[in-house]
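Before any comments, here is the structure.
Keep in mind it's a predicted model, so treat the numbers as computed, not measured. Counting from 1, the numbers follow the sequence of the chain as shown.
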Amino acid sequence: LPLLFLSFLFALVDCTSSVVFLPFMAKYPSSYMIPFYIGEGMSGVMPSLLALAQGTGGDTCYDASGSASSDGPRFGVNVYFGLVSALTAVSGIAFYFLNNLDV
């Protein structure tokens, strides 16, 4: 139940961030809106692709003789969260430069 609550909370924050950033983007040229929306879309696609690359780790396959084989995840949870954290850090650095450099 706590995980479900946290997932709902983070989804709410993600949805409201788009609404908050649109007035912020108004001070930039309109040509910046297309990369903004591409970045918004990629912020959901990249973690999903990482999760797909990780695999489920719970698949059990049975061959014709009845013996089972199970594959583990391709990389651990720490690696996944490290990659997502790196993606978040790169986004934060890009926001810092966009906000503080003269464009």
Side-chain angles (χ1 to χ4, degrees):
L1 192 59
L3 184 61
L4 183 63
F5 176 73
L6 286 174
S7 297
F8 175 76
L9 183 69
F10 289 142
L12 186 67
V13 169
D14 183 45
C15 291
T16 57
S17 69
S18 299
V19 175
V20 171
F21 279 126
L22 282 176
F24 173 78
M25 290 298 292
K27 70 179 187 177
Y28 294 105
S30 62
S31 61
Y32 284 24
M33 291 305 291
I34 293 172
F36 171 73
Y37 286 124
I38 291 172
E40 283 279 324
M42 294 303 282
S43 70
V45 170
M46 292 300 289
S48 299
L49 290 176
L50 284 174
L52 284 174
Q54 183 183 27
T56 59
D59 295 336
T60 303
C61 299
Y62 297 95
D63 61 8
S65 65
S67 62
S69 67
S70 179
D71 295 332
R74 292 184 184 91
F75 49 88
V77 176
N78 291 336
V79 173
Y80 174 78
F81 281 116
L83 290 171
V84 170
S85 297
L87 183 64
T88 304
V90 167
S91 298
I93 291 167
F95 176 75
Y96 173 79
F97 284 125
L98 183 64
N99 200 23
N100 293 321
L101 292 178
D102 294 329
V103 180

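The aromatic rings of Tyr28 and Phe24 sit perpendicular to each other, their planes meeting at more than 60°, with 30° as the lower class boundary.
With a 4.5 Å cut-off on side-chain heavy atoms, Leu83 and Leu87 do not count as touching. Between Leu4 and Phe8, every side-chain heavy-atom pair lies at or beyond the 4.5 Å cut-off.
Every residue two or more places apart in sequence or in another chain was checked for a ring-ring contact (aromatic ring centres under 6.0 Å, His included) with Phe36, and none qualifies. In this view, Ile34 and Ile38 satisfy the side-chain contact (heavy atoms from CB on, under 4.5 Å) rule, not counting sequence neighbours. The side-chain contact (heavy atoms from CB on, under 4.5 Å) search around Val77 returns Gln54, Phe81, not counting sequence neighbours.
Under the 4.5 Å side-chain heavy-atom criterion for Ile, Leu, Val, Met, Phe, Trp and Tyr, Phe75 and Val84 are members of the same hydrophobic cluster.
In Met25, the CE atom is crowded: over 12 heavy atoms of neighbouring residues, nucleotides or ligands sit closer than 6.0 Å.
Across all their heavy atoms, Lys27 and Asn99 have their closest contact at NZ-OD1, 3.6 Å.
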One pair to check against side chain to side chain contact (heavy atoms under 4.5 Å, CB included): Leu22 and Met33. What are the steps and the verdict? CA-CA 9 Å; Leu22 282 176; Met33 291 305 291; 3.5 Å; yes
Quick one, Phe21 with Phe95, criterion side chain to side chain contact (heavy atoms under 4.5 Å, CB included). Give me CA distance, side-chain angles, the key distance, then yes/no. CA-CA 11 Å; Phe21 279 126; Phe95 176 75; 3.7 Å; yes
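Hydrophobic cluster membership for Leu12: none, as no Ile, Leu, Val, Met, Phe, Trp or Tyr side chain comes under 4.5 Å of it.
Residues in residues 87-97 take part in no side-chain hydrogen bond (donor to acceptor under 3.5 Å, both in side chains) pair, two or more places apart or across chains. Among residues at least two apart or in separate chains, side-chain hydrogen bond (donor to acceptor under 3.5 Å, both in side chains) pairs with a member in residues 33-51 are Ser18-Glu40.
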